[in-house]
Enquirer: 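A single structure is presented below for examination.
If you're wondering where the values come from, they're calculated on a predicted model, not measured in any experiment.
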Amino acid sequence: MGIVNVTPDSFSDGGAFLEPGPAVAHALQLLDEGADWLDVGGESTRPGAAPVSAEEEIARVVPVVREVLRQRPTAVVSVDTSKPEVAQRAIEVGAQVVNDVTGLTNPQMREVCARAAVTCVLMHMRGSPRTMQQDTRYVDLVGEVQDFLAAQVALALAAGVRADRILVDPGVGFGKALEANTTLIAETARIAALGYPVVVGASRKSFIGRLTGRSVARERVAGSIGAALAAARHGARVLRVHDVQATKEALTVYLRCVRGDE
Ligand code: HH2
């Protein structure tokens, strides 16, 4: 999954793709590099990020989704949002997936997803982006993440989202300390045991900077690839990444060597 942040303040590429032109060009480049799926977002979820209105988010995201799909009608595009209005408008212009970092906590979001019969990514986060790094202690980290995701899946199913349209994500970097992030990646198989494909998004996140001593953006590519390969090895089905070509090349060789597949 290639990341397209149409925001002024995303932690690693904020401002680079705020205008529709550069954002669309970036999205097309990620597809050319081998992304199977694009994730278009209009609100940063970095710790402490300022909230964005639905109108602003729609103005950022919808033109990009529409134009990418006009130029590449077969592309798979998700909208990275926790607002039902934004999801609805993105779906109307062709987004087939809703990626919600709040795990479809909002009942209206569940209704929008069920009605439109789209695929949903349900992610674990404790609190909100504003507060999530204030308390990062867990008694049973993986158990808590599993329980939250299982509960949110049950709510999504009850709202009418089909089971084969649900993916789960442990939320690397969302209200977790360094050790918790590495543990969640190492324990991906336990998240997969819930019975849904697992998405892991570790790309360029701060725990990689802590481990490698590297600052944000491109300097964290190598560390991010390390996390991506580990997640794949432990059963992740989708890797949410900024650096598609480098990750894809590493994954091709790595999977061939560890499993003998293409
Ligand atoms: N991480 C970010 C945003 N959305 N969605 C899922 N499913 N999983 C993630 O790990 C995830 C996500 C944060 O990364 P990024 O989009 O690069 O930054 P920002 O939120 O600052 O725009």
Side-chain angles (χ1 to χ4, degrees), residues 1-4 12 30 33-39 41 45 76-78 80 96-104 119-126 138 141-150 152-153 156 163-176 178-208 211-212 220-262:
M1 182 203 288
I3 302 169
V4 182
S12 81
L30 296 184
E33 290 179 9
D36 299 310
W37 158 358
L38 295 174
D39 189 39
T45 52
V76 174
V77 176
S78 57
D80 184 352
Q96 306 98 317
V97 186
V98 172
N99 174 28
D100 181 359
V101 296
T102 67
L104 303 192
T119 296
C120 308
V121 179
L122 279 63
M123 198 197 79
H124 172 271
M125 169 169 48
R126 192 196 252 178
Y138 293 82
L141 170 74
V142 181
E144 199 173 306
V145 171
Q146 278 180 322
D147 289 350
F148 172 86
L149 291 174
Q152 295 310 114
V153 165
D164 61 355
R165 296 199 175 116
I166 293 176
L167 293 86
V168 294
D169 184 329
V172 170
F174 285 83
K176 285 113 188 168
L178 187 150
E179 202 61 42
N181 290 313
T182 54
T183 300
L184 281 173
I185 292 172
E187 300 283 354
T188 300
R190 284 178 62 196
I191 307 298
L194 290 169
Y196 298 89
V198 177
V199 179
V200 171
S203 188
R204 300 184 184 176
K205 285 184 176 169
S206 66
F207 82 100
I208 290 174
L211 288 171
T212 59
R220 292 186 185 160
V221 177
S224 301
I225 290 172
L229 299 184
R233 176 72 168 139
H234 295 301
R237 291 278 301 280
V238 179
L239 302 168
R240 184 180 182 277
V241 303
H242 297 86
D243 304 288
V244 169
Q245 184 171 329
T247 310
K248 190 131 184 165
E249 286 176 9
L251 201 57
T252 302
V253 176
Y254 178 78
L255 292 179
R256 181 81 173 217
C257 294
V258 296
R259 291 186 190 145
D261 42 32
E262 289 293 332

Enquirer: Assess the residue pair Arg233 and Tyr254 against the criterion (side-chain contact (heavy atoms from CB on, under 4.5 Å)); give the C-alpha distance rounded to whole Å, side-chain angles, the decisive distance to 0.1 Å, and a yes or no.
Expert: CA-CA 9 Å; Arg233 176 72 168 139; Tyr254 178 78; 3.2 Å; yes
Enquirer: Would you indicate whether the side-chain heavy atoms of Val98 and Val121 approach each other to under 4.5 Å?
Expert: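 They are not in contact (no side-chain heavy atoms under 4.5 Å apart), so the answer is no.
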Enquirer: Should Asp80 and Arg240 count as an ion pair when the cut-off is N to O under 4.0 Å?
Expert: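 Yes, charged N to carboxylate O under 4.0 Å.
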Enquirer: Using the test side chain to side chain contact (heavy atoms under 4.5 Å, CB included), find all partners of Asn181 that sit at least two apart in sequence or belong to another chain.
Expert: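 Val172, Lys176, Phe207.
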Enquirer: Which atom pair, heavy atoms only, marks the closest approach of Val244 to Gly2?
Expert: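 Of all heavy-atom pairs spanning Val244 and Gly2, the closest is CG2-CA, 3.8 Å.
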Enquirer: Taking atom CG of Leu255 and atom CG of Leu229, what is their separation to the nearest 0.5 Å?
Expert: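 Going from CG on Leu255 over to CG on Leu229, the span is 7.5 Å.
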Enquirer: What's the separation between atom CD1 in Ile3 and atom CG in Asp39, rounded to the nearest 0.5 Å?
Expert: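 The distance works out to 7.0 Å.
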Enquirer: Does any N or O in the side chain of Ser78 come within less than 3.5 Å of the main-chain N or O of Leu38, such that one atom is a donor and the other an acceptor?
Expert: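 Flag set: sc Ser78 to bb Leu38 pair under 3.5 Å.
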Enquirer: Heavy atoms only: give me the nearest Thr188-Ala231 pair and the separation to one decimal.
Expert: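 For Thr188 and Ala231, the tightest heavy-atom pair comes out as CG2-O, 4.1 Å.
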Enquirer: Under the salt bridge (charged side-chain N to carboxylate O under 4.0 Å, His left out) rule, collect the residues that match up with Asp36, sequence neighbours excluded.
Expert: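 Applying salt bridge (charged side-chain N to carboxylate O under 4.0 Å, His left out) to Asp36 gives Lys248.
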Enquirer: To the closest 0.5 Å, what do you measure between CD (Gln152) and CG (Asp100)?
Expert: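 Here the rounded value is 9.0 Å.
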Enquirer: For a quick test of reading the model, state the closest non-hydrogen atom pair linking Glu144 to Arg126 and the distance between them.
Expert: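 It is OE2-NH2, 3.2 Å.
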Enquirer: Measure the shortest side-chain to side-chain distance between Pro170 and Val198 over non-hydrogen atoms and say whether it is less than 4.5 angstrom.
Expert: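 Side chain of Pro170 against side chain of Val198, heavy atoms only: contact under 4.5 Å found.
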Enquirer: Give, for atom CD of Glu187 and atom CG of Leu141, the distance between the pair rounded to the nearest 0.5 Å.
Expert: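 Between Glu187 CD and Leu141 CG, I get 8.5 Å after rounding to 0.5 Å.
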Enquirer: What pairs meet the side chain to side chain donor-acceptor pair (under 3.5 Å) rule with one or both residues in residues 196-206, with sequence neighbours excluded?
Expert: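 Checked against side chain to side chain donor-acceptor pair (under 3.5 Å) - neighbours excluded - the pairs reaching residues 196-206 are Ser12-Arg204, Ser203-His242, Arg204-Asp243.
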Enquirer: Does the plane of the ring in His124 sit parallel, tilted or perpendicular to the ring in Phe148? Use 30° and 60° as the thresholds.
Expert: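 Rings of His124 and Phe148: perpendicular, over 60°.
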Enquirer: Rounded to the nearest 0.5 Å, what separation is found between the CD1 atom of Ile166 and the CG atom of Leu104?
Expert: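 Atom-to-atom, Ile166:CD1 and Leu104:CG are 8.0 Å apart.
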Enquirer: Between Ala202 and Ile185, what is the shortest heavy-atom contact and its length?
Expert: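 In this case the closest contact between Ala202 and Ile185 is CB-CD1, 4.1 Å.
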Enquirer: Check whether any side-chain heavy atom of Val199 lies under 4.5 Å from a side-chain heavy atom of Met1, and answer yes or no.
Expert: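 Answer yes - side chains close enough.
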Enquirer: Do Val142 and Ile191 touch side chain to side chain, with heavy atoms closer than 4.5 Å?
Expert: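 Touching, per the 4.5 Å side-chain cut-off.
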Enquirer: First locate atom OG1 of Thr183, then atom OH of Tyr138, and finally report the distance between them rounded to the nearest 0.5 Å.
Expert: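 With rounding to 0.5 Å, OG1 (Thr183) is 11.5 Å from OH (Tyr138).
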Enquirer: Please give me the minimum heavy-atom distance between Ile225 and Ala250, naming the atom from each residue.
Expert: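 So the minimum-distance heavy-atom pair works out to CG2-CB, 3.4 Å.
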Enquirer: Between Val76 and Thr119, is there a side-chain heavy-atom distance shorter than 4.5 Å?
Expert: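 When only atoms from C-beta onward are counted, Val76 and Thr119 do not touch, as no gap falls below 4.5 Å.
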Enquirer: Can you see which heavy atom on Ser224 is nearest to which on Ile208, and at what distance?
Expert: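 In this case the closest contact between Ser224 and Ile208 is CA-CD1, 3.6 Å.
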Enquirer: I'd like to check Val168 versus Val153 (side-chain heavy atoms, cut-off strictly below 4.5 Å). Are they in contact?
Expert: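 Yes, side chains in contact.
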